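One structure is given here, and the rest of the page talks about it.
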Amino acid sequence: MAVNLTDLSLPQLEGLKSQLDQEIEFLTSSIGQLKVVQTKYVEAKDSLNVLNKNNKGKELLVPLTSSMYVPGTLNDVEHVLVDVGTGYYVEKNVEDSKAFFKRKIDFLTKQIEKIQPALQEKHAMKQAVIEVMNVKIQQLQQSQQSSQMVGPTKA
């Protein structure tokens, strides 16, 4: 059901604007979170390029925590363990891993593309609400000024 914005009162418009602000914030946050995950997958896919025959046997640092590492040697350059979600890891060869990350990246890109138009629509709706609010505020100010001018006169 469509509602004509000009039929709403100023407090109703304020409430609608507040609701739109919350929806815009939620959609913006969702897109941001999807982009963070997408970046993680892009980095993971790119890091697979290090796994080649030339690097077999090279020393590297293996993270135990985000700030603690132990020395290690790269023995297997053909297989990796891929986090497929909820703590499950699957051993895959490098090419299958690249394909897995590409699918994830493509999926996230599509999700972002689905949310983007909704976000733009909410921005447009908010702008329309603000414009109607400004018109109503100007009308209110004009009616107050004209009522002050017409006020009681002394003879």
Side-chain angles (χ1 to χ4, degrees), residues 1-140:
M1 183 174 112
V3 175
N4 188 351
L5 292 178
T6 55
D7 294 342
L8 298 177
S9 68
L10 212 48
Q12 289 172 321
L13 289 169
E14 282 286 345
L16 181 58
K17 181 182 168 289
S18 175
Q19 179 183 344
L20 288 169
D21 281 337
Q22 289 175 354
E23 291 174 12
I24 287 170
E25 184 178 330
F26 174 76
L27 291 173
T28 303
S29 171
S30 296
I31 288 174
Q33 291 170 356
L34 289 172
K35 285 183 178 180
V36 166
V37 174
Q38 185 182 43
T39 300
K40 185 180 98 171
Y41 284 130
V42 168
E43 289 172 355
K45 183 175 174 244
D46 290 345
S47 68
L48 290 171
N49 294 328
V50 172
L51 294 177
N52 58 46
K53 304 254 188 258
N54 297 337
N55 289 332
K56 188 171 184 172
K58 285 196 176 177
E59 289 194 12
L60 52 91
L61 293 175
V62 179
L64 290 179
T65 68
S66 62
S67 60
M68 188 168 48
Y69 300 84
V70 294
T73 306
L74 186 57
N75 292 329
D76 186 357
V77 293
E78 296 174 16
H79 298 93
V80 292
L81 288 176
V82 177
D83 182 355
V84 293
T86 61
Y88 289 96
Y89 293 85
V90 175
E91 185 174 323
K92 292 180 174 280
N93 67 37
V94 172
E95 289 310 310
D96 287 347
S97 299
K98 285 181 182 179
F100 171 81
F101 290 127
K102 183 181 181 335
R103 284 193 308 275
K104 290 290 190 178
I105 293 164
D106 292 344
F107 173 77
L108 290 168
T109 301
K110 287 178 185 160
Q111 296 308 307
I112 291 168
E113 289 171 354
K114 284 182 186 176
I115 296 173
Q116 206 75 20
L119 180 60
Q120 291 170 345
E121 181 182 339
K122 297 294 181 189
H123 274 297
M125 289 170 64
K126 179 183 168 190
Q127 192 58 41
V129 168
I130 290 171
E131 288 173 14
V132 171
M133 285 174 66
N134 287 338
V135 167
K136 286 195 178 266
I137 289 170
Q138 284 177 345
Q139 288 173 347
L140 190 63

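As the structure is a computational prediction, the values presented were derived from the model and not from experiment. This chain uses plain numbering: 1 for the first residue, then up along the sequence.
When all heavy atoms of G57 and T73 are compared, the pair lying nearest together is O-CG2, 3.3 Å. Closest heavy-atom contact between S30 and I115: CB-CD1, 4.3 Å. The two residues S97 and V80 come nearest to each other via the heavy atoms OG-CG2, 3.1 Å. Taking each heavy atom of V62 and G72 in turn, the nearest pair found is CG2-CA, 4.2 Å. Of all the heavy atoms in I105 and Q38, the pair that sits closest is O-NE2, 3.6 Å.
Under the 4.5 Å side-chain criterion, counting only non-hydrogen atoms from C-beta, V132 is not in contact with V135. Side-chain contact between R103 and F100: present, with at least one pair of heavy atoms (C-beta onward) separated by less than 4.5 Å. Side-chain contact between E78 and K53 is present, with at least one heavy-atom pair separated by less than 4.5 Å. With a 4.5 Å cut-off on side-chain heavy atoms, L10 and M133 count as touching. Between V77 and V94 there is no side-chain heavy-atom pair separated by less than 4.5 Å.
Going from atom NZ of K122 over to atom CD1 of I24 covers 8.5 Å, rounded to the nearest 0.5 Å. Distance check, rounded to the nearest 0.5 Å: CG of L34 to OG1 of T39 gives 10.5 Å. To the nearest 0.5 angstrom, K98 atom NZ is 10.5 Å from N93 atom CG. To the nearest 0.5 Å, atom CG of residue L119 and atom CD1 of residue I112 are 12.0 Å apart. H123 NE2 to L20 CG: the interatomic distance, rounded to the nearest 0.5 Å, is 10.5 Å. Note that the CG atom of L5 and the CD atom of Q12 stand 11.0 Å from one another [nearest 0.5 Å].
Every pair passing side-chain hydrogen bond (donor to acceptor under 3.5 Å, both in side chains) that includes a residue from residues 79-89 is listed here, sequence neighbours excluded: D76-H79. Note on residues 56-68: pairs passing side-chain hydrogen bond (donor to acceptor under 3.5 Å, both in side chains), not counting sequence neighbours, are N55-K58.
The environment of E91 atom CD is dense: over 12 non-hydrogen atoms of other residues, nucleotides or ligands sit within 6.0 angstrom.
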Verdict with supporting geometry, K102 and D106, salt bridge (charged side-chain N to carboxylate O under 4.0 Å, His left out): CA-CA 6 Å; K102 183 181 181 335; D106 292 344; 2.8 Å; yes
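Between F101 and Y41, the ring-plane angle classifies as tilted under the 30° and 60° cut-offs.
A donor-acceptor pair is defined here as one N or O able to donate and one able to accept, closer than 3.5 Å; no such pair exists between the side chain of K104 and the backbone of V42.
Side chain to side chain, Q116 and Q120 fail the donor-acceptor criterion of an N or O pair below 3.5 Å.
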